[in-house]
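Notes to accompany the following structure.
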Amino acid sequence: MATPGTPTRPTVNSDMGEGIGLHRFGNDPELLQVVDLANVACGFHAGDPDTMSATVAAAVAHDVAIGAHPSLPDQWGFGRRAMVLTPEEVESLVRYQVGALTGFLLQHGADLHHLKPHGSLYGMVAKDPALMEAVAAVAADHRVPVLGMAGTAHESVCAERGVPFVAELYVDLDYNPEGGLIIQRTPHATDPHAAAERVTQALAEGVVRAVDGTELPMRFESVCVHSDAPGAPAVARAVREAVDAQAAAADRPD
């Protein structure tokens with residue numbers, strides 16, 4: 001059975017709108033047919049104004065809920081290089097980017113659904129409650145939940161501030177023995193079957209395996225599939241099938 005706090009039918013989320021100018025990254029059109037939540041890049045690691053507008057419009061057309069995916073100001077490194085920032089700087093960065101996205105949400109008649117930091121910002125605020133306070137402050141003002149990792153400052157700070165929190169499971173990133181994510185600068189292909197197995201085990205047993213085989217407790221309400229990884233649509237479909245199969249099994253009478 002699922003670990004406490006984990007629903008039998010978690011949502012599937014994906015980072016989207018990660019293009020700049022004439023360059024497009026990811027598999028957004030295919031993924032929008034599968035996922036429940038789109039985390040839209042807000043301009044600092046990717047996502048120029050036209051890309052943001054088009055991504056919001058496409059998500060609305062597919063009835064996919066839209067969240068902000070703010071990043072460190074690092075297009076060159078795609079937001080995957082850590083920076084030394086004060087809480088005030090983090091709050092300003094996040095407010096600026098969320099504000100940009102809300103303009104396009106207004107244009108297309110949609111509401112902000114959630115907030116999820118991107119890349120190294122995600123990892124930085126997971127470890128530093130003061131930095132996470134800055135993210136939670138913006139989420140509180142917009143009255144939306146934060147997507148993040150259970151058992152980190154993502155969750156503890158949100159709880160302290162009364163901000164709703166949605167814990168994530170990752171299927172296309174590995175976990176280290178301490179439960180942290182191993183983030184590579186360049187995305188790698190994930191076996192869809194392995195992704196489905198991870199979701200099935202996490203739902204049935206409440207654990208995932210780290211790279212060294214350590215079993216880690218895993219509580220989650222959403223599964224993330226990165227859009228820029230090779231084969232992402234097949235991974236998302238495998239995850240969706242695993243989620244639906246586990247939910248169907250849970251609904252069957254004994």
Side-chain angles (χ1 to χ4, degrees), residues 1-7 10-15 39 45 69-72 74 77-85 87 90 94 114-136 139 145-161 163-191 194-226 228-229 235 239 242:
M1 63 184 297
T3 188
T6 296
T11 60
V12 182
N13 77 83
S14 186
D15 306 341
N39 317 311
H45 75 287
H69 199 38
S71 169
L72 299 174
D74 181 26
F78 207 67
R80 291 174 177 158
R81 301 182 295 186
M83 295 180 176
V84 178
L85 298 172
V90 170
V94 173
H114 62 276
L115 193 161
K116 175 184 172 179
H118 165 82
S120 286
L121 179 61
Y122 185 95
M124 289 164 56
V125 300
K127 300 173 184 177
D128 190 328
L131 297 182
M132 184 59 208
E133 283 276 356
V135 175
V146 172
L147 270 62
M149 292 180 65
T152 71
H154 292 164
E155 182 174 29
S156 61
V157 171
C158 284
E160 291 168 3
R161 292 190 60 101
V163 173
F165 174 75
V166 178
E168 294 186 285
L169 167 68
Y170 284 82
V171 295
D172 50 14
L173 293 175
D174 290 324
Y175 289 87
N176 63 35
E178 292 72 42
L181 293 171
I182 300 174
I183 299 177
Q184 299 176 326
R185 291 283 295 276
T186 303
H188 65 277
T190 296
D191 178 2
E197 282 190 336
R198 177 175 286 185
V199 172
T200 299
Q201 181 184 32
L203 285 171
E205 303 172 22
V207 298
V208 297
R209 286 189 176 86
V211 289
D212 68 345
T214 300
E215 289 195 342
L216 305 168
M218 183 57 58
R219 173 173 49 80
F220 64 102
E221 292 83 41
S222 192
V223 182
C224 179
V225 177
H226 287 93
D228 62 337
V235 173
V239 168

Under the 3.5 angstrom rule, does the side chain of [X] hit a backbone N or O of [Y] as a donor-acceptor pair?
X: Glu168; Y: Ser222; answer: no
X: His69; Y: Lys116; answer: yes
X: Glu155; Y: Gly151; answer: yes
X: Thr200; Y: Ala242; answer: no
X: His154; Y: Tyr122; answer: yes

So do [Y] and [X] actually touch side chain to side chain, heavy atoms under 4.5 Å?
X: Val223; Y: Val171; value: yes
X: Leu181; Y: Tyr175; value: yes
X: Thr214; Y: Glu178; value: no
X: Leu173; Y: His226; value: yes
X: Glu160; Y: Glu133; value: yes
X: Cys158; Y: Met132; value: yes

Interatomic distance, [X] atom [atom1] to [Y] atom [atom2] [nearest 0.5 angstrom]:
X: Leu169; Y: Glu221; atom1: CG; atom2: CD; value: 11.0 Å
X: Glu197; Y: Arg209; atom1: CD; atom2: CZ; value: 9.5 Å
X: Met149; Y: Lys127; atom1: CE; atom2: NZ; value: 10.0 Å
X: Asp174; Y: Asp212; atom1: CG; atom2: CG; value: 11.0 Å
X: Leu147; Y: Thr11; atom1: CG; atom2: OG1; value: 7.0 Å
X: Leu85; Y: Met124; atom1: CG; atom2: CE; value: 4.5 Å

**Report entry** Ion pair Asp191/Arg198, N-O distance below 4.0 Å
**Finding:**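 Salt bridge absent between Asp191 and Arg198.
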Requested in this report: May I ask you to decide whether Asp15 forms a salt bridge with Arg80, counting only side-chain N to carboxylate O separations under 4.0 Å?
Outcome: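 Salt bridge flag = no for Arg80 with Asp15.
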**Report entry** Pair Val94-Leu115, side chain to side chain contact (heavy atoms under 4.5 Å, CB included): steps then yes or no
**Finding:** CA-CA 9 Å; Val94 173; Leu115 193 161; 4.0 Å; yes
For [X] against [Y], the heavy-atom pair lying closest together:
X: Leu121; Y: Pro70; value: CD2-O, 3.7 Å
X: Val125; Y: Pro117; value: CG2-CG, 4.2 Å
X: Gly179; Y: Leu216; value: CA-CD1, 3.8 Å
X: Ala210; Y: Asn176; value: CB-O, 3.6 Å
X: Phe220; Y: Pro10; value: CE1-CG, 3.7 Å
X: His118; Y: Ser71; value: CD2-OG, 3.5 Å

Report task. Begin from the C-alpha positions of His114 and Val166 and carry the test side chain to side chain contact (heavy atoms under 4.5 Å, CB included) through to its verdict. Result -> CA-CA 9 Å; His114 62 276; Val166 178; over 6 Å; no
